[in-house]
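A note on names: the letters A, B, ... follow the listed sequences, proteins ahead of strands, and every chain is numbered from 1. The structure displayed is predicted, hence computed values, not measured ones.
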2 protein chains.
Amino acid sequence: MTDRLPHTLRSDARDNRERILDAARAVFAAEGLTVPMREIARRAGVGPATLYRRYPTKEMLVTEAFTDQMRACQSIVDEGLADPDPWHGFCLVIEKICELHARDRGFTAAFMSTFPHAMDFAAIRAYSLTSVAELARRAKDAGRLRPDFVLDDLILMLMANSGIHASSPAARVAASRRFAALTLQAFHTSPASSPLPPAPRLVPGVSTHRRNPTGETDG
Amino acid sequence: MTDRLPHTLRSDARDNRERILDAARAVFAAEGLTVPMREIARRAGVGPATLYRRYPTKEMLVTEAFTDQMRACQSIVDEGLADPDPWHGFCLVIEKICELHARDRGFTAAFMSTFPHAMDFAAIRAYSLTSVAELARRAKDAGRLRPDFVLDDLILMLMANSGIHASSPAARVAASRRFAALTLQAFHTSPASSPLPPAPRLVPGVSTHRRNPTGETDG
DNA sequence: ACAGTAACGGACGCTGCCGTCCGTTTAGCT
DNA sequence: AGCTAAACGGACGGCAGCGTCCGTTACTGT
């Protein structure tokens, strides 16, 4: 067997890989993405070299560590989309995603593309966003979501949600929950609603804008 | 003259102090509070030792650099308080403070007490908050602000606002403006409004709670 | 003009993180 | 059991930011 390609990891290597991923997930959730690589290695009980061998860059590690979170995020959106009441589905999506982000400091940053380019799950992100756009369209048609809502508003609220800090994870989740509720109040149609300032352009690819009434330069 | 205390700075020292403060304000606004002290010294055209002599700790420099911003913040609140229409005043306060924070990355962090203890202008902050609380009370009495609004909601939105990032300052301001408008929609009374989850406890000193209907432990 | 001292800033040593090298260990196969 | 190569991890050099020391510069008051 001279030409066996290392498509399969040795048992100890596979074991270490798991431990690294577990440690990374735990510490990313608690501290965010800024933790030193060595700290993750330490918690995983491996040397730095082992960590770097498996994941030469932090971006790779992050991508791998958050793939399932990303999938969870997508299935939340799918659930919302499956809801017979689009506004109800929309609310669920907002609430659950906010909670997801509140529980995991790192995931927020990863989702927001703290790593600006080439995040592997950019595709999933884009797919989720278009799904939400569809859900939003339906909720608008049902007359429950304000007509001037655009997808960038969602990004905006997600960014805003990521700004919420608190002493404990529990407190952060509680704050985020209230924030989500307030956000939904803002998105809800209401006789008292007044026109909004122009929407920011935050997500270049997708768009719910059919038309852009203002000629404003956007950044 | 053996016992002259250095209550007065030498002319060059005073000059340097100004340049340091200017540089600090500029770079804090653009980059936030995380910039290295040396960077500020460099931009001010002084050596590191000079900077450290004048401001032994970054906290002191930040305090001094943002004192006027803090005062601006307070006068915004005073203006709002002086408005005959409390809801209108409330809106102005939210909008202007959000803009202030959007224009200055550093100020947000300073205001949010990134430096957890002993920020010198904690007093001003507290005063502003109680003023807003008063304004909120009036706006509630006028039936325009939702009755379950609490001061912590304001902190919450300010934190959230600080989470808004963008490629350019202009884009950030635009996004923040829309965010403020959405926030006000959420705070506005509306026949369609539904009850909110329990308020987080974010600002220990002041409170608009007269009673706390939920027995929830708050973090 | 000069003395005296306030103020300056280059240079230093420290710490923490980074990414890599290389001698050692150990799983996997016969 | 023994061989081989995969995998490991301690150790290294490099870099960036920190806060301080101390020899030099230049205001200020006589």
Q.
Distance check needed: C:dT26 P versus A:Leu9 CG, whole Å only.
A. 18 Å
Q) Between C:dC8 atom C1' and B:Glu18 atom CD, what is the distance in whole Å? A) 18 Å
Q. Between A:Arg103 and A:Val173, is there a donor-acceptor pair closer than 3.5 Å when you use the side chain of the first and the backbone of the second?
A. no
Q | Atom pair distance, as rounded to whole Å: CZ in A:Arg17 and P in D:dA7 | A | 12 Å
Q: Would you mind telling me which of A:Phe107, A:Phe179, A:Phe66 makes a ring-ring contact (aromatic ring centres under 6.0 Å, His included) with A:His101?
A: A:Phe107
(Q) Just the rounded figure in Å: distance from C1' of C:dA11 to CZ of B:Arg42. (A) 15 Å
Q | Closest nucleotide among D:dC27, D:dC18, C:dT26 to the B:Pro36 side chain | A | D:dC18
Q. Between D:dT28, C:dG10, D:dA7, which nucleotide gets closest to the side-chain atoms of A:Arg10?
A. D:dA7
(Q) A:Arg17: which residues meet the side chain to side chain contact (heavy atoms under 4.5 Å, CB included) condition with it, sequence neighbours left out? (A) A:Leu9, A:Leu21, A:Arg54, A:Tyr55, A:Glu64
Q) Which whole-number value in Å describes the distance from A:Arg38 CZ to C:dT15 P? A) 16 Å
Q) In terms of side-chain geometry, is the basic nitrogen of B:Lys96 or B:Glu99 positioned less than 4.0 Å from the acidic oxygen of its partner? A) no
Q: Give the rounded distance in Å between these two atoms: CZ of B:Arg54 and P of D:dT20.
A: 15 Å
Q. Does a side-chain N-to-carboxylate-O contact under 4.0 Å join A:Arg14 and A:Glu18?
A. no
Q: Starting from C1' on D:dG19, measure out to CD on B:Glu39 and report it in whole angstrom.
A: 18 Å
Q. Within less than 4.0 Å of OP1 or OP2 of C:dA7, is there a side-chain N or O belonging to B:Thr50?
A. no
Q: Using heavy atoms to find the nearest nucleotide of DNA chain C for B:Arg19 and A:Val35 separately, return the residue whose nucleotide is more 5′.
A: B:Arg19
(Q) Using only modelled atom types and a 3.5 angstrom limit, is any donor from either the side chain of B:Arg53 or the base of D:dG19 paired with an acceptor on the other? (A) no
Q) Given axes from five pairs at either end, by how many degrees does the helix from C:dA1-D:dT30 to C:dT30-D:dA1 bend, rounded to 10°? A) 20°
(Q) Closer than 4.0 angstrom, basic N to acidic O: yes or no for A:Arg178 and B:Asp152? (A) no
**Q.** Closest listed nucleotide, where the reference is the side chain of B:Tyr52 and the choices are C:dA27, D:dC27, D:dG19
**A.** D:dG19
Q: Rounded to the nearest angstrom, tell me the gap between atom CD1 in B:Ile20 and atom C1' in C:dG9.
A: 12 Å
Q. Does the B:Arg25 side chain pair with the main chain of B:Ala65, one donor and one acceptor, at a distance under 3.5 Å?
A. yes
Q: Would you mind telling me which of C:dC17, D:dT20, D:dC8 lies closest to the side-chain atoms of A:Asn16?
A: D:dC8
**Q.** Closest-nucleotide ordering on DNA chain D, the 5'-leading residue of A:Ala13 and B:Asp12
**A.** A:Ala13
Q) Heavy atoms under 4.0 Å, any strand shown: does B:Ala49 hit a base, just sugar-phosphate, or nothing? A) base
